[in-house]
Amino acid sequence: MGSGELRYEIAQNAYIKLVLHALKHKTAAVNGILLGRHSDRGDAVEVLDAVPLFHSHLGLLPNLEISLLLIEEYYGSKGMSIVGYFHANERYDDTELGGVARNIGDHIFRYFPQAAVLLLDNKKLEALSNGKDRSPVMQLYTRDSSKNWKLVSSDGSNRLITKEPTANVVLLDYMSSGKWQDVVDFDDHLDDISRDWLNPDLFK
């Protein structure tokens, strides 16, 4: 089964961690890695966790390679694989999936042919506080047969959903309490190895 009709279901903590990481570095582009597996029925990819990667020099391949090795090793022992990539653009009004994001997406695609690329949608994120929207504040891209990353339109098909319907409510709560300050990414870890990129205490 290609990624043509697959659904992508993202767990609340993975979803929130990625958005908080972007909020922590509002004036920078940030990225992250999605971990998970195929659902038992095979009709969906379950994104069970996420690792915040970088907030500077996103395109540096050596750093990316190191982080992917560590991530793969840790999550592989827990029965999960790398299943996708998350990107937030530097500029608030930039809604395009740029070259760096596409290149890293291609890199992740080698690990997992049904990989998804999720791009933060700032307008949706901003609108959260005045609405009851349960849909994710991210746009879904999948790779088509001509090897291009294509935006999956959300016309009724809803191929990207949060596993828990409360995810946006909880996210808003964390946003108002400044929870994003606690997120540790790989950049932070490379600066100070005592800081844990697994963020074990983030949701405690």
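Values below: every heavy atom of this structure, side chains too, minus hydrogens, waters and symmetry copies.
Across all their heavy atoms, M138 and F86 have their closest contact at CE-CE1, 3.8 Å. When every heavy atom of L120 is checked against every heavy atom of A22, the shortest pair comes out as CD2-CB, 3.7 Å. What you find for N168 and D133 is that their closest heavy atoms are ND2-O, 2.8 Å. Counting all heavy atoms, side chain and backbone alike, K124 lies closest to P136 at NZ-O, 3.2 Å. For the residue pair D94 and N89, the shortest heavy atom distance occurs at O-ND2, 3.0 Å. Minimum interatomic distance between L171 and I16 (heavy atoms only, all atoms of both residues): N-CD1, 3.9 Å.
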Side chain to side chain contact (heavy atoms under 4.5 Å, CB included) assessment of D182 paired with K179: CA-CA 6 Å; D182 303 333; K179 187 78 174 164; 3.9 Å; yes

V47/K163 under side chain to side chain contact (heavy atoms under 4.5 Å, CB included): CA gap, chis, key distance, verdict: CA-CA 9 Å; V47 180; K163 188 173 169 66; over 6 Å; no

Evaluation steps, side chain to side chain contact (heavy atoms under 4.5 Å, CB included), between R134 and T162: CA-CA 8 Å; R134 288 181 166 186; T162 52; 5.8 Å; no

Derivation of the side chain to side chain contact (heavy atoms under 4.5 Å, CB included) call for T142 and Q114: CA-CA 8 Å; T142 55; Q114 292 86 23; over 6 Å; no

Candidate pair D121 and K123, rule salt bridge (Lys or Arg N to Asp or Glu O under 4.0 Å), full reasoning: CA-CA 6 Å; D121 184 332; K123 296 222 164 36; over 6 Å; no

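Within a 6.0 Å sphere centred on CG of L69, other residues, nucleotides and ligands contribute more than 12 heavy atoms. Within a 6.0 Å sphere centred on CG of D40, other residues, nucleotides and ligands contribute 12 heavy atoms or fewer.
No side-chain N or O of H57 forms a donor-acceptor pair with one of N63 less than 3.5 Å apart. In summary, the side chains of D173 and S177 do not present any donor paired with an acceptor at a separation below 3.5 Å, with no hydrogens or angles considered.
Applying the salt bridge (Lys or Arg N to Asp or Glu O under 4.0 Å) definition to pairs two or more places apart or across chains, those involving residues 46-73 are K17-D49.
Panel note: side chain R143, backbone D106; no donor-acceptor pair is recorded below 3.5 Å.
Ring geometry for W197 against Y75 counts as tilted: the plane angle lies between 30° and 60°, on a 0 to 90° scale. Between F203 and Y174, the angle of the ring planes lies from 30° to 60°, which puts this pair in the tilted group. Using the six-membered ring where Trp is involved, Y85 and H87 have ring planes that are tilted, between 30° and 60° apart.
Under a hydrophobic clustering in which Ile, Leu, Val, Met, Phe, Trp and Tyr are joined whenever their side-chain heavy atoms come within less than 4.5 Å, directly or via other members, V169 and W180 fall into different clusters. Cluster membership check: L198 shares its hydrophobic cluster with F54, using side-chain heavy-atom separations under 4.5 Å among Ile, Leu, Val, Met, Phe, Trp and Tyr. Hydrophobic clustering keeps L6 apart from I161 (ILVMFWY residues linked when any side-chain heavy atoms are closer than 4.5 Å, directly or through intermediates). Under a hydrophobic-cluster definition in which Ile, Leu, Val, Met, Phe, Trp and Tyr are linked whenever side-chain heavy atoms come within less than 4.5 Å, directly or via other members, L60 and L70 are assigned to different clusters. Side-chain heavy atoms closer than 4.5 Å link hydrophobic residues (I, L, V, M, F, W, Y) into clusters, and following such links, even through other members, never connects V19 to Y92.
Annotation: side chain of L125 is in contact with side chain of L23 (closest heavy-atom distance under 4.5 Å). The shortest side-chain heavy-atom distance between H25 and D185 falls under the 4.5 Å cut-off. At a threshold of 4.5 Å between non-hydrogen side-chain atoms, the residues P52 and N199 count as touching. You'll find the side chain of L18 reaches within 4.5 Å of the side chain of I10, heavy atoms only. Residues D196 and D201 fail the side-chain proximity criterion, which asks for heavy atoms closer than 4.5 Å. Side-chain atoms of L35 and V51, non-hydrogen and from C-beta on, do get closer than 4.5 Å to each other.
When each of V83, L68, V117 is tested with I108 by the rule side chain to side chain contact (heavy atoms under 4.5 Å, CB included), just one qualifies, namely L68.
Separation of the H38 and F112 ring centroids falls under the 6.0 Å cut-off.
With sequence neighbours excluded, no residue satisfies salt bridge (Lys or Arg N to Asp or Glu O under 4.0 Å) with R110.
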